[in-house]
2 protein chains.
Amino acid sequence: MDTMFQPSLSDCQLKEILRDHNLTVSQPRIALLRYIMQNYHHPKAETVFHDLRPDNPTLSLTTVYNTLRLFAENGLCSMLTIDDKHVYYDGDTKPHGHFMCVGCGRIFDIPGSIMPNASKLHENGMDGFQVHEMHYYLKGTCNECNENI
Amino acid sequence: MDTMFQPSLSDCQLKEILRDHNLTVSQPRIALLRYIMQNYHHPKAETVFHDLRPDNPTLSLTTVYNTLRLFAENGLCSMLTIDDKHVYYDGDTKPHGHFMCVGCGRIFDIPGSIMPNASKLHENGMDGFQVHEMHYYLKGTCNECNENI
DNA sequence: GTGCTTGCAAATCGTTTGCAATAGC
DNA sequence: GCTATTGCAAACGATTTGCAAGCAC
């Protein structure tokens, strides 16, 4: 549970990442990319907006929604549809598992989680299927919520 | 991919299942339970309503939503939050994987899919976590959609 | 200067809720 | 008869869209 904060990135590095992904550079995009690459706590759009707004007074919630979607489409983050209330964003695009606590709502990375082997598809009559994304989610109650019962 | 239709169930059997789960019996509940236990093609609420309405002219979409949620809460079906547009319902409550095709939108069961072992949690610093549900989803393109490119 | 991005306001749409009428037991 | 369920209409809330103004290059 110590992977929530990543090393800080300079504006220069962030601009380069945006350009590498054929995205125009802008102030909101730099701020959003920095946030999503440095905060691995699976925020929803509203949370990102809430956290960035103080330092970016003209930022709108619309831009947060549209830009995070754009980032996801371009492989800069992934969208977690772990429950039906919100979409959560994850700057860690490597396949890994998640645990959502139904008590406190927090989402934890499952450390060292092994994703099932997609090649098994072809051993099971699913030839011709192409995998783009893998998601592995658990739901339950976390250690802290279990203590507070 | 041959698990979509299950053996038919009598009204009597369905009533018994409802009572076993401490749910009051009613005509809409019988119809909905029959549908969800005989149609393993992961319908969304709208689809269930569309299919049942002709034979149940007074059935409302509200009842479909509320009853499917009730069933899920009582272990009679599970809710798949595989994308952010709709919730899909699955009458097969055994843990198994799903593949959603981003082309045609269909959801396939992954036959023989092995769910990751939840006991690994405790080998990875997540002691005290209790697992209620496991979900394993893939997204990509299915064989038919790949042929039509 | 041209085109892409932003942000406001309004629309969208899946889902839930309030409540009076009705069905179950 | 009393309680639980249904279904309509309205509300809700997260997300998307239209469009005029502003920024990137």
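Naming: A, B, ... by sequence-line order, numbering from 1 per chain.
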Which residues share a salt bridge (Lys or Arg N to Asp or Glu O under 4.0 Å) with B:Arg106, sequence neighbours left out:
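Salt bridge (Lys or Arg N to Asp or Glu O under 4.0 Å) list for B:Arg106, sorted by chain: B:Glu144.
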Going 5' to 3' through nucleotides 13-25 of chain D, assign each nucleotide B (protein heavy atom under 4.0 Å from a base atom), S (under 4.0 Å only from sugar-phosphate atoms) or - (no protein heavy atom that close).
-SBBB------SS
Side chain of B:Arg29 - closest among C:dG7, D:dT5, D:dC8
D:dT5
Linking directly or through intermediates, with side-chain heavy atoms under 4.5 Å: list the remaining ILVMFWY members grouped with A:Ile82, chain and number order.
A:Leu80, A:Tyr88, A:Met100, A:Ile107, A:Tyr137, B:Leu80, B:Ile82, B:Tyr88, B:Met100, B:Ile107, B:Tyr137
When the distance from [atom1] of [X] to [atom2] of [N] is rounded to whole Å, what number comes out?
X	N	atom1	atom2	result
B:Phe49	D:dT6	CZ	P	14 Å
A:Asn22	C:dT5	CG	P	11 Å
B:Leu70	C:dT16	CG	P	12 Å
B:Leu18	D:dA4	CG	P	17 Å
B:Leu59	D:dT5	CG	P	16 Å
B:Leu23	C:dG24	CG	P	15 Å
B:Leu68	D:dT6	CG	P	11 Å

Set of residues satisfying side-chain hydrogen bond (donor to acceptor under 3.5 Å, both in side chains) with respect to B:Asp84, sequence neighbours excluded:
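Testing B:Asp84 for side-chain hydrogen bond (donor to acceptor under 3.5 Å, both in side chains), a comparison that skips the adjacent residues, returns A:Arg69.
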For B:Phe71, ring-ring contact (aromatic ring centres under 6.0 Å, His included) partners two or more places apart
none
Distance-only check: which donor-acceptor pairs under 3.5 Å involve side-chain atoms of residues 17-28 of chain A, not counting sequence neighbours?
| residue | atom | partner | partner atom | Å |
| --- | --- | --- | --- | --- |
| A:His21 | ND1 | A:Asn74 | O | 3.0 |
| A:Ser26 | OG | A:Arg29 | N | 3.3 |

So do the side chains of A:Tyr136 and A:Ile110 get within less than 4.5 Å of each other, counting heavy atoms only?
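Yes, their side chains come closer than 4.5 Å.
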